[in-house]
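Nothing fancy with the numbering, it's 1 onward along the sequence. All values below come from the heavy atoms of this structure, side chains included, with hydrogens, waters and symmetry mates left out.
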Amino acid sequence: MNIHIKSILASLMFSLLLYSKTMGINLVILSLVTITLVLLEHKGQKETIKYALAYLFTALMVFLDPTNFKIFIHALAFLIYIGKTIAPKNSLYLSWFIGLTNMVLASIHQLNSSLKKEGHKSTTLSSKTILKALSITIGLIILFSLLYQKSNPVFRSLISAINFDFLSFPWLLFTVFGYFIFLHILRPYYPETLITLDTEQDNSLKRSTPSFSLEQSKKLAEEYTLGSIIFIALNGLLFIFLITDFIYLIDANTSTNSEYSKSVHQGVYALLLSIICAIAIILYFFRGDLNFYTKSQNIKILCYSWIAMNLILILFTWYKNYMYVVTLGLTYKRIGVFVYLLCILAGLCTTYLKVSKTKSFIYLIRSNVAVIFAVLFVSATIPWDKSITYYNLKNIENVDIQYLIDLGDTNSIQLKKYSEEKKETAFEASITTKYSRFIQQEKEKSWQEYSIYSLIYH
């Protein structure tokens, strides 16, 4: 079947499922349609199956817990999947970028190519003929339907029963948008230069020459001395900071809520600055031949000790945030601190591997981007609003009910049950309003918008 015909049919499905609709089972259906089209168009691409499953999985997570965060993760998975179908063996960060740019540049690239290639004229003519035939056919069907309904009351009632209220200029634009999306999926833009450049990048550093000249050895000795002094100073500073931080942690008189909050945020800022400095300095000193210098093991030990102390700093900050949660409960910001600390931990581990295994800068980029994407996908499996509500109601004595009310609607049932059990009069009206609105919205959803809650309350 012609690619334009496939794109038109897919765009009509796209409009039927998504136009003026909230996200739910429509994303699952659309994901299945997209994966089927891609697999039929790119036969034999076994490398992309796992990314197709990840893309479908995020759609299922939206169906189970339709939140904006999970819709964002689903869109991210879509771009990665499309990028992988174009260049299966490229880095994850490049796959995302290729998927993103392909949604914009594919048509421009195809138009430019068609103008340059004379051999493409017959294909273009064939496509235009099919599109012309479809347009004329649809026009004639509409014309003769109007004529036939005047002479046949049964046929007139049949035509009248068909609802065309959805036809509008915004719907047309939305459908055209869907057409271009699927056209770009089926006939993608292949950024050969970027793909080749990424393929040529090695994860490991290589020695510039078999043996260093006298001048090279002198330069490396200077870098070694400078690096040693810097790492000794930074190790000393971080060691003093860790001692003072430990004293703070064991001082029960300073464990007020406001001080914990301030300490947690300051610890995160310190970690951020520390990691940026660590990566920048380590990348500078271990960018090339210093890795193969005879005395490089000494400066590597200083680097390892600095990384180790940063790990202790992560542990201290994690404990502060944990105590903050125990005292005041879970919030998105406090969860964000834990996630951020996890990413920092991964960054330090990959930095250690970069130095110990003589890895390149591109290795750091590839590995850390992969970790970030992995964390995002795993976090998409957790119903955060319901989890926050469950933990706070069960473990916190003075719960911030207003914060829980301000969360998404998926915790409405939990709050309603809590209000009935605890006789919560202060927020009873707000909780009841939220619960009633949630149930009403789920009952009024069309089949395209169904989530797991819609199936329960319909």
Do S419 and E428 meet the criterion of a side-chain donor-acceptor pair at a distance under 3.5 Å? no
Yes or no on side chain to side chain contact (heavy atoms under 4.5 Å, CB included) for K422 and L393, after CA distance, side-chain angles and deciding distance? CA-CA 11 Å; K422 300 293 183 179; L393 293 180; over 6 Å; no
Is it true that Y322 and F338 have ring centroids separated by less than 6.0 Å? no
Quick one: are I362 and E200 in side-chain contact, heavy atoms under 4.5 Å? no
In Å, rounded to the nearest 0.5 Å, how long is the span from CD1 of I35 to CD1 of I49? 8.5 Å
Taking it one step at a time, do K6 and L183 satisfy side chain to side chain contact (heavy atoms under 4.5 Å, CB included)? CA-CA 8 Å; K6 290 180 183 177; L183 182 63; over 6 Å; no
Spatial distance of atom CG (L353) from atom CD1 (I307) [nearest 0.5 Å]: 9.0 Å
Return yes when atom CZ of F246 has more than 12 non-hydrogen atoms of other residues, nucleotides or ligands closer than 6.0 Å, and no otherwise. no
State, with a plain yes or no, whether a side-chain heavy atom of S31 is found less than 4.5 Å away from one of H74. yes
Going by heavy atoms in the side chains, are D400 and N392 under 4.5 Å from each other? no
Report yes if some heavy atom in the side chain of I29 is under 4.5 Å from a heavy atom in the side chain of Q448; otherwise report no. no
One should read off an interatomic distance between K70 NZ and M23 CE, to the nearest 0.5 angstrom, of 15.5 Å
Distance, nearest 0.5 Å, that separates CD1 of I382 from CD1 of I388: 10.5 Å
Between the side chains of Y390 and K386, is a donor N or O closer than 3.5 angstrom to an acceptor N or O? no
Side-chain heavy-atom pair D409, K434 within 4.5 angstrom cut-off: yes
Criterion side-chain contact (heavy atoms from CB on, under 4.5 Å) against L415, the qualifying member of T389, T432, L407: T389
With heavy-atom distances below 4.5 Å as the criterion, would you say the side chains of I396 and L328 are in contact? no
Within the structure provided, determine whether L234 and I281 are in side-chain contact (heavy-atom separation under 4.5 Å). yes
Any salt bridge linking K445 with E442? Criterion: basic side-chain nitrogen under 4.0 Å from a carboxylate oxygen. yes
I'd like to know whether CG of D406 has more than 12 heavy-atom contacts from other residues, nucleotides or ligands below 6.0 angstrom. yes
Is any side-chain heavy atom of S360 closer than 4.5 Å to a side-chain heavy atom of D202? no
Test side chain to side chain contact (heavy atoms under 4.5 Å, CB included) on Y435 and I413; report intermediate values, then the result. CA-CA 7 Å; Y435 174 79; I413 300 170; 4.1 Å; yes
Could you go through F78 and I82, starting from their C-alpha distance and side-chain angles, then the distance that decides it, and tell me whether this counts as side chain to side chain contact (heavy atoms under 4.5 Å, CB included)? CA-CA 6 Å; F78 167 73; I82 297 305; 3.7 Å; yes
